[in-house]
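First listed ligand is number 1; within each ligand, the first listed atom is number 1. Being a predicted model, the structure only gives us computed values, none of them experimental.
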Amino acid sequence: MKQHTIITPDYRGKLPENYVGLDEAEMIERIRRIKLDMGEALFIPCHHYQKDEVVQFADATGDSLQLARLSAQNRAAQHIVFCGVHFMAETADILTAEAQQVYLPDMRAGCTMADMAGLEQTEIAWEALQEMFGDTLIPLTYVNSTAEVKAFVGRHGGACVTSGNAKKMVQWALNQKKRLLFLPDRHLGRNTAFALGIPLSRMAEWHPQQEKLSEVHVPLEDLSVILWHGHCAVHERFTLEHVAWVRQQYPQMKVIVHPECAHEVVAAADEVGSTQYIIDTLAAAPAGAAWAIGTEMNLVNRLIQRHTDQHIVSLNPAMCPCVTMNRIDLPHLLWTLESIAEGRPVNRISVPSQIATDARLTLDKMLALA
Ligand code: 13P
Ligand code: SF4
């Protein structure tokens, strides 16, 4: 197990002046040179929502599940510069070896959904739910959560899930215990449980602000799924009205959405799946296929450019950027890479050892099961 020496990354590095306003061609050249010099010692994984200017330097692209797997497998790179958001870099740090260091080019690249479940809130919820349900509850956390929440879930026998394996993991959880607490995305939890045949009436939401369960219309004993009241602000911007607009405007068009969208949007869509699922579905579609996609706009724009023989639009014509994913850009990538090359690295992500050990339980369980 990786032994971490740095406690929380309190260094919130601001881009130094000398990286502001640099010429794009110069930045590209400087990054290329570092990549060439460092070779296999440097690994740059990129999430599908990253900007093209960053993706051009990716050693691998993927959804959260693929990026977690790659982190667990890669033992060659000493430096892993993660182009994604904070929880993804934390996951990579937890899964990599002692000698490997993980960096996030802009430490402000968080995930607003992950931030909706804090450790203290989770402990309060767990205690209250234990009182209501006794030992019949298992926690599951979406990978979009902090290392501290993953560690809590690990200590309580639960596991992690991603949008790519949620069905398998929810089924696994319900084979272990009568009911589950799903953190922190109520939509992914609800959509997944519903797809497994659990009626909406047997799901309730835990409101962390009010520290109480939502109103239910069945006896408490009948509840199977407790959903944390968290969401992704990007995916909540796709609505039923958008689906109706597409159906009217383009009757032949298929609607494909990410499972972080609200239940009514997923129910009205033709296809639902992780970012990689969306990519693979379009790659397998014939020329002339038509799609309205409900996910982050960098990925939608990339798919529009890639499949010029298909008609692709965003499900929300105003498009939906993930502001935090978009914080990673050429200047921040260059700054981080040059700091590593010069031996005074910035933007290191280092999860404290005890948290990493417990959080790893949830990740290892997921990687072994799904
Ligand atoms: P994927 O695992 O499907 O790539 O999703 C990650 C994410 O943050 C979606 O908002
Ligand atoms: Fe988090 Fe939503 Fe951005 Fe995904 S799109 S990283 S869930 S804020």
Side-chain angles (χ1 to χ4, degrees), residues 45-51 54-55 58 60-71 82-92 95 104-117 140-147 149-150 160-169 182-192 228-238 256-262 265-266 269 271-282 293-303 314-316 319-328 363 366-367 370:
C46 272
H47 185 262
H48 292 308
Y49 290 165
Q50 289 290 293
K51 294 174 176 172
V54 170
V55 171
T61 54
D63 65 10
S64 308
L65 180 60
Q66 291 167 314
L67 295 175
R69 279 197 200 291
L70 282 172
S71 306
F82 207 108
C83 296
V85 287
H86 196 270
F87 76 81
M88 294 178 180
E90 275 189 338
T91 300
L95 291 171
L104 181 67
D106 187 336
M107 296 294 255
R108 300 167 307 164
C111 165
T112 48
M113 176 205 286
D115 294 340
M116 286 178 191
L140 275 189
T141 185
Y142 191 18
V143 71
N144 297 35
S145 54
T146 64
V149 167
K150 288 189 183 78
C160 200
V161 330
T162 75
S163 58
N165 62 21
K167 251 172 140 175
K168 262 192 200 161
M169 294 309 297
F182 192 97
L183 298 127
D185 184 11
R186 61 186 171 141
H187 298 308
L188 178 66
R190 181 177 287 117
N191 290 326
T192 308
W228 191 266
H229 188 79
H231 67 271
C232 165
V234 176
H235 288 87
E236 274 203 345
R237 288 181 60 205
F238 298 103
I256 184 166
V257 300
H258 195 276
E260 288 175 14
C261 291
V265 174
V266 169
E271 299 259 8
V272 57
S274 75
T275 53
Q276 190 60 47
Y277 177 84
I278 295 172
I279 292 167
D280 293 345
T281 304
L282 268 68
I293 308 179
T295 199
E296 207 274 342
M297 72 175 206
N298 285 334
L299 176 56
V300 177
N301 279 334
R302 191 168 304 124
L303 290 169
S314 168
L315 179 57
N316 180 342
M319 290 297 248
C320 295
C322 174
V323 176
T324 50
M325 279 275 182
N326 277 278
R327 286 192 191 281
I328 312 294
L363 290 161
M366 171 184 84
L367 293 173

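From M169, atom CE reaches atom OG1 of T162 across 9.5 Å, with rounding to the nearest 0.5 Å. Between the CG atom of L183 and the NZ atom of K150 there is a distance of 11.0 Å, given to the nearest 0.5 Å. Distance check: L95 CG to L367 CG gives 6.0 Å after rounding to the nearest 0.5 Å. D185 CG to M113 CE: the interatomic distance, rounded to the nearest 0.5 Å, is 3.5 Å. Of the inter-residue distances, the one linking Q50 atom CD with R302 atom CZ reads 8.5 Å to the nearest 0.5 angstrom.
Remark: ligand 2 atoms within the under-4.0 Å shell around heavy atoms of C232 are 2 (Fe), 5 (S), 7 (S). Near T112, with a cut-off below 4.0 Å to any heavy atom, the atoms of ligand 2 are 8 (S). If you number the atoms of ligand 2 from 1 as listed, the ones under 4.0 Å from a heavy atom of E260 come out as 2 (Fe), 7 (S). Within the listing of ligand 1, atoms 1 (P), 2 (O), 4 (O) sit less than 4.0 angstrom from a heavy atom of D63. For ligand 1 and H235, the ligand atoms under 4.0 Å from any heavy atom of the residue are 10 (O). Within ligand 1, the atoms closer than 4.0 Å to a non-hydrogen atom of Y49 are 7 (C), 9 (C), 10 (O), numbered from 1 in the order shown. Here is the list of ligand 2 atoms found below 4.0 Å of a heavy atom in C322: 3 (Fe), 5 (S), 6 (S), 8 (S).
Taking distance alone, with nitrogen or oxygen atoms compared against 3.5 Å, N144 approaches ligand 1 more closely than that limit. An N or O contact shorter than 3.5 Å is missing between S274 and ligand 1 by distance.
Residue-ligand proximity: E296 is placed with every non-hydrogen atom at 4.0 Å or more from ligand 2. Within the structure, the closest approach of Q276 to ligand 1 does not fall below 4.0 Å when heavy atoms are considered. Residue contacts with ligand 1 leave out Y277, since none of its heavy atoms falls under 4.0 Å from the ligand. The shell of residues lying under 4.0 angstrom from ligand 1, judged by heavy atoms, excludes T162. Under a 4.0 angstrom heavy-atom cut-off, M113 registers as lying outside contact with ligand 1. Ligand 1 lies within reach of E260, whose nearest heavy atom is under 4.0 Å from it.
A distance-only check finds a donor-acceptor pair linking the side chain of N191 to the backbone of C261 [under 3.5 Å]. At distances below 3.5 Å, not a single donor-acceptor pair connects side-chain atoms of E260 with backbone N or O atoms of H235. Listed for the W228 side chain is no donor-acceptor partner under 3.5 Å among the backbone atoms of G189. Put simply, the side chain of N326 gets close to the backbone of C322: a donor and an acceptor are under 3.5 Å apart.
Protein heavy atom closest to atom 2 (O) of ligand 1, with residue, atom name and distance, is S64 OG, 2.8 Å. Nearest to atom 5 (O) of ligand 1 among the protein's heavy atoms is H258 NE2, 3.3 Å. Scanning the protein heavy atoms around atom 1 (P) of ligand 1, the nearest turns out to be S163 OG, 3.4 Å. Ranking protein heavy atoms by distance to atom 1 (Fe) of ligand 2, first place goes to C111 SG, 2.4 Å.
Each of T324, N298, T295, T275 was compared with Y49 under the side chain to side chain donor-acceptor pair (under 3.5 Å) criterion, and only T295 meets it.
When only modelled atom types and interatomic distance are considered, E296 and H258 share no side-chain donor-acceptor pair under 3.5 Å.
Contact annotation: for H47 versus ligand 1, heavy atoms closer than 4.0 Å belong to the side chain alone. With a 4.0 Å heavy-atom cut-off, ligand 1 is reached by no atom of E296.
In summary, no N, O or S atom of H235 is located under 2.8 Å from atom 2 (Fe) of ligand 2.
Under the 4.5 Å side-chain criterion, counting only non-hydrogen atoms from C-beta, Y277 is not in contact with D63.
The minimum heavy-atom distance between Q276 and G62, with the atom names listed, is OE1-CA, 4.2 Å.
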